[in-house]
Amino acid sequence: MVMGDIATATDLLVIGAGPGGYVAAIRGAQLGLDTTLVEKDAYGGACLNRGCIPSKAFIHGADVAHEAANAEDLGIHADPAIDMRQMQQWKAGVVDQLTSGVEKLCKANGVSLLEGTAAFEDEHTARIAHGGEGQGMETVEFDQAIIATGSRPLAIPGFDFADDPVLSSAELLQMESTPDSLVVVGAGYIGMELSTMLAKLGTDVTVVEMLDDVLPAYEDDIARTVRSRAEDLGVDFHFGEGATGWEHGGDGVVVTTETDDGETAEYHGDAVLVAVGRQPVTDTLELESIGLEPTENGFIETDDRARTAVENVFAVGDVAGEPMLAHKASAEGIVAAEVAADEPAALDQQVIPAAVFTDPEIATVGMTSQKAEAEGFDPVVGEMPLRASGRALSMGESEGFVRIVADESSGMILGGQLVGPNAAELVAEVALAIEMSATLEDVAGTVHTHPTLAEAVMEAAENAQGQAIHTLNR
Amino acid sequence: MVMGDIATATDLLVIGAGPGGYVAAIRGAQLGLDTTLVEKDAYGGACLNRGCIPSKAFIHGADVAHEAANAEDLGIHADPAIDMRQMQQWKAGVVDQLTSGVEKLCKANGVSLLEGTAAFEDEHTARIAHGGEGQGMETVEFDQAIIATGSRPLAIPGFDFADDPVLSSAELLQMESTPDSLVVVGAGYIGMELSTMLAKLGTDVTVVEMLDDVLPAYEDDIARTVRSRAEDLGVDFHFGEGATGWEHGGDGVVVTTETDDGETAEYHGDAVLVAVGRQPVTDTLELESIGLEPTENGFIETDDRARTAVENVFAVGDVAGEPMLAHKASAEGIVAAEVAADEPAALDQQVIPAAVFTDPEIATVGMTSQKAEAEGFDPVVGEMPLRASGRALSMGESEGFVRIVADESSGMILGGQLVGPNAAELVAEVALAIEMSATLEDVAGTVHTHPTLAEAVMEAAENAQGQAIHTLNR
Amino acid sequence: EPTVSEPPVPDERVFASPSKRSLARELGIDIGQVQGSGPGGRVMAADLRAYAESAGDPTVTQASDGVAEQTTAEREEPVVVD
Ligand SMILES: Cc1cc2nc3c(=O)[nH]c(=O)nc-3n(C[C@H](O)[C@H](O)[C@H](O)COP(=O)(O)OP(=O)(O)OC[C@H]3O[C@@H](n4cnc5c(N)ncnc54)[C@H](O)[C@@H]3O)c2cc1C
Ligand SMILES: Cc1cc2nc3c(=O)[nH]c(=O)nc-3n(C[C@H](O)[C@H](O)[C@H](O)COP(=O)(O)OP(=O)(O)OC[C@H]3O[C@@H](n4cnc5c(N)ncnc54)[C@H](O)[C@@H]3O)c2cc1C
């Protein structure tokens, strides 16, 4: 491939090297397409550099310290000191290992890597601007392209991420020291994960949320469990208030909020984290050159083969719509690459699981009982509270539950809601059950290792059949 | 039901309230059988009182302390002090909660509980001796009986558990303080779990094992990983040596060993733990009264409906043969109760998973590649090393792997071997895959939450298909 | 007293889910004898029912009464993209 102003040609151009793009590029190359991956910033995208991985690394670190500091009843007396610069370095090491792994995997699979910002010229041509301004240009001619430009943190009026004390999640995850106090705007999953983690590391956290509870996407009993655990950690919640602005005050900031009724309040913190959502990135692409227009919400619309309205252009990941999750991005990336390589792939997964790494963890997949009813099923629900689980108790945990939703007449499993340690791991079995069209009997009839939390999945299935051993049946 | 010397009658008599017996009793009662459960000692059996639960509680405690004490690279500096009496109390609280839960569940399901030792008089009569000698007797007439008398630690010549410094796992799990040093005889799963746990709590552990590596039931790369981690924790291994005896010496004991070639050695410790296996308990039962005779290994033989050679008598759990695992006991207990209640149940589970709670954890299910070949399959193997897993790295772990074994032509999943954090939880998905006759494509096509260790199961399935994203394919 | 006519249990590995194996037992047939029509030869509910009918044993049809009903509701296996 020739660099410089001369046009190079490729079968498949992938724009953006997050979990949508790099996975698509690798699969494309595996299927024999000459594949070029362009990234303007860092391999691994938001997920590896500013999202999933750094947040989970800090959450793990906070958990290790917090658990040891709060294990007196287990006979463990510890008063851990936390060196945030060192934790930051450790996190950076983890991120480096993974992002350089992504680069190596791309090369090993034969993907050509280009650094720069891609913009469309027409349906078969993209211009790549290398590095900063004036660093040179390159033109790539492609047969097919996959847009995987992801998302960025959403700002709100009155809060500009360019201002020093106004932090995005990306900036917060670069912190060299934990703030003594922090105001968090937004109690969605990112706000809640970071608030819980910071509270465990000793920060005084104040959360301001417009709606009336945390995690509005989740059922009440789930949100309540996570909220009350966060409250126990000292997080101070203010619901029904929208953040309207901030100013310098004391050593930090004063954030102003307003209720629907016009009542205002002020909250102090060293800084303010705005975590109100994420916005698809399309403005770098000059989509109008290929006649594409994002939806009202800024997403690029795609069909069940991840194709956009332009026949040879696909879109995957956060830029292609909800749920904005890394594994959804990767799953779409694989389908787009396979379709580009003429394989009969489609986005026909039954379910996409989701996890929230709060304390306790939440994981959900498929339908809630309410949703199942709305879809015309006759749902039956089985539950296993973790206070009856030997494994949970032997881990010092007794809150949380596993809930399984199934169709009463066929026994077919439709969904699951899990709250507790390792919920994100346990949901894998429920997702497979749904993909396999497994019934309650299938899950209950599978021997589960003792003592594990996974037994609670089996037990919930038995409970739904009215024959649980470790819980009373309805 | 009338107590005393008068005979009481019951549909189903269950002998032993471990995970085999209490589960059988509850299911029997759920199916409408008048059910009586006799236990001579403590509800929950070995598992809840002296096995699975207390060991996992201590392992958890040891992990919390050890992890915090060894997290300098994460920026966590802690020097936890361990109060073993308090940890023991905490464990006792966990055990109490679970055993009293078992009792309550039995009652709530209508099971009649009897305390005492049961022995057969004939095929329809058992004598129950209450408490110690002279505490009274009772006769129970039954239609059907389930033997669930479990197992006890195996002693070896030269080592008598009645001697103070010769400990069984049961005695060790009652310790009020951690020994400064301990000689462990046997590097099977119980010996390795307890050695690893004690090493983390600060004990100098010396392990003596007749065979040439730890965990002989497992593949070499699995045993090696666990052994070398234990060595890092300071455990001192001596393979190819059999323990022949002990005597008092210094403040504790001197254990003598001998190799096949007759070379001897001596090892010092505060005490010696003998963990060489477990022995089925049949001697309390007077089996000869019903014409039953245990096998050479002491087990009671059963058919695929958990029936013994005596038509109306079943046997389940450790007393009925390998694998001696709690969940196998419960699964058999359910089948026995259902067959007793005339349901068309059978022991036709494809697989029984097994876990070892060492560091790292091990979990296996179904066939190894070798076994698959021996069974006439054409096995294909896929692997995902955890050093390529974002979730493992963000937990500070990079050792271990997930291996999936499948049949090459059909893609059918035959087995899995997992080494790493939460392996015992992750194996649940693989077990369900096998029970469902899922193929590699089924598991690879199920979206797995990011970042989780469970993604490694999906990735291993992709690797077996030659299309992994995060590992190089063969 | 235990029943005399017990449903057969296969002694070879069969490719069928727990609920299909249980259905086979309820239908009183040896699932090991049934040719699976699912992916990789997986035994489906329909295979079992077809086998039970073709066996034409009147006791078999009786055994399937009611109990089978519960577990028969159409359980489609997932569509495998090929
Ligand atoms: C704090 C936080 C925690 C999160 N935790 C989780 C979690 O636990 N689990 C989960 O599933 N998801 C999580 N997410 C969401 C997850 O990060 C995203 O869903 C995921 O990164 C989306 O992947 P993507 O490939 O679509 O886009 P991104 O990862 O956003 O990657 C897009 C890439 O495209 C590049 N790019 C953009 N425009 C151009 C252009 N014109 N030319 C060249 N390159 C371009 C960008 O630089 C970027 O690298 C989290 C997000 C945050 C912020
Ligand atoms: C240290 C240790 C750790 C272990 N960890 C695990 C693990 O992590 N996972 C796992 O699956 N397994 C584990 N096991 C094994 C597990 O404990 C056994 O497989 C399980 O307890 C077997 O259950 P059971 O019901 O067959 O018998 P048991 O649990 O042994 O119960 C038998 C009961 O019968 C009673 N009994 C005996 N004779 C009579 C009589 N004549 N009359 C009345 N009552 C009688 C006994 O008092 C006892 O309570 C562990 C074992 C040990 C020792």
Side-chain angles (χ1 to χ4, degrees), chain A residues 23 26 30 52-53 56-57 60-61 64-65 67-68 71 73-78 80-84 86-87 90 94 97-98 108 326-327 331 349 352-353 355 388 390 393-395 422 424-429 431-433 435-436 438 442 446-454 467 469 472, chain B residues 23 26 30 52-53 56-57 60-61 64-65 67-68 71 73-78 80-84 86-87 90 94 97-98 101 108 326-327 331 349 352-353 355 390 393-395 422 424-429 431-433 435-436 438 442 446-454 467 469 472:
Chain A
V23 167
I26 290 175
Q30 286 174 343
C52 329
I53 296 300
K56 266 83 256 183
H60 173 72
V64 169
E67 211 172 351
D73 51 325
L74 274 70
I76 297 169
H77 301 271
I82 288 155
D83 175 350
M84 200 61 206
Q86 175 59 36
M87 197 179 280
W90 167 70
V94 168
Q97 190 168 343
L98 290 167
H327 43 286
Q349 284 92 354
I352 294 175
L393 293 185
S394 76
M395 294 169 77
N422 294 320
E425 305 293 351
L426 303 184
V427 78
E429 181 188 1
L432 181 69
E435 292 293 350
M436 295 301 296
D442 288 327
T446 295
V447 180
H448 283 64
T449 317
H450 184 75
T452 60
L453 297 162
Q467 46 180 230
I469 297 290
L472 288 184
Chain B
V23 168
I26 291 175
Q30 286 174 343
C52 328
I53 295 301
K56 268 83 255 184
H60 174 72
V64 169
E67 211 172 351
D73 52 324
L74 274 70
I76 297 169
H77 300 271
I82 288 155
D83 175 349
M84 199 60 207
Q86 175 60 36
M87 197 179 282
W90 168 70
V94 168
Q97 191 168 343
L98 290 167
H327 44 285
Q349 284 92 356
I352 293 173
L393 293 185
S394 75
M395 293 169 79
N422 294 321
E425 304 295 350
L426 304 183
V427 78
E429 182 190 2
L432 181 70
E435 292 294 349
M436 295 301 297
D442 288 326
T446 296
V447 180
H448 283 64
T449 317
H450 184 76
T452 59
L453 297 162
Q467 47 180 230
I469 297 290
L472 287 184

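Note that these values count all heavy atoms, side chains included, but never hydrogens, waters or copies made by symmetry. All chains are named by letter (A, B, ...) in the order of the sequence lines, taking the proteins before the strands, and each is independently numbered beginning at 1. Small disclaimer: the values here were computed from a predicted structure and weren't measured.
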So, using side-chain contact (heavy atoms from CB on, under 4.5 Å) as the criterion, who are the partners of Ala326(A) when residues are at least two apart? Pro19(A), Cys47(A), Cys52(A), His450(B)
Residues forming a side-chain contact (heavy atoms from CB on, under 4.5 Å) with Glu67(A), sequence neighbours excluded: His60(B), Val64(B)
Using 0.5 Å steps for rounding, measure from the CD atom of Gln349(B) to the OG1 atom of Thr446(A). 8.5 Å
For Gln30(A), is it the side chain, the backbone, both or neither that has a heavy atom under 4.5 Å from a heavy atom of chain B? side chain
Which one wins on heavy-atom pair count under 4.5 Å against chain A: Ala438(B), Pro353(B), Ala454(B)? Pro353(B)
Could you tell me which of Ala65(B), Gly101(B), Ala331(B) has the largest number of non-hydrogen atom pairs under 4.5 Å with chain A? Ala65(B)
Closest approach of Leu98(A) to Gly390(B) (non-hydrogen atoms, all atoms of both residues): CD1-CA, 3.7 Å
Spacing of CG belonging to Asn422(B) relative to OG1 belonging to Thr452(A), to within rounding of 0.5 Å: 10.5 Å
Shortest non-hydrogen contact between Trp90(B) and Leu393(A), atoms and distance: CZ2-O, 3.8 Å
Name the option with the most non-hydrogen atom pairs under 4.5 Å to chain B; the candidates are Ile82(A), Asp83(A), Val427(A). Asp83(A)
Heavy-atom distance under 4.5 Å to chain A: side chain of Asp73(B), backbone, both or neither? both
Residues Ala431(A) and Val447(B): closest non-hydrogen pair is CB-O, 4.3 Å
Note: vs chain A, highest number of non-hydrogen pairs under 4.5 angstrom among Glu435(B), Met84(B), Met395(B) is Met395(B)
Relative to chain A, which of Val23(B), Ile76(B), Ile26(B), Val94(B) shows the most heavy atom pairs under 4.5 Å? Ile76(B)
Looking at Ala108(B), Ala355(B), Ala71(B), Ser394(B), which one has more heavy-atom pairs under 4.5 Å with chain A than the rest? Ser394(B)
Tell me the closest heavy-atom pair linking Gly61(A) and Leu74(B), and the distance in Å. CA-CD2, 4.0 Å
Please tell me if the side chains of Leu426(A) and Glu425(B) come closer than 4.5 Å, counting only heavy atoms from C-beta onward. yes
Partner chain A: residue of Met87(B), Gln97(B), Gln467(B), His448(B) with the largest heavy-atom pair count (under 4.5 Å): Gln467(B)
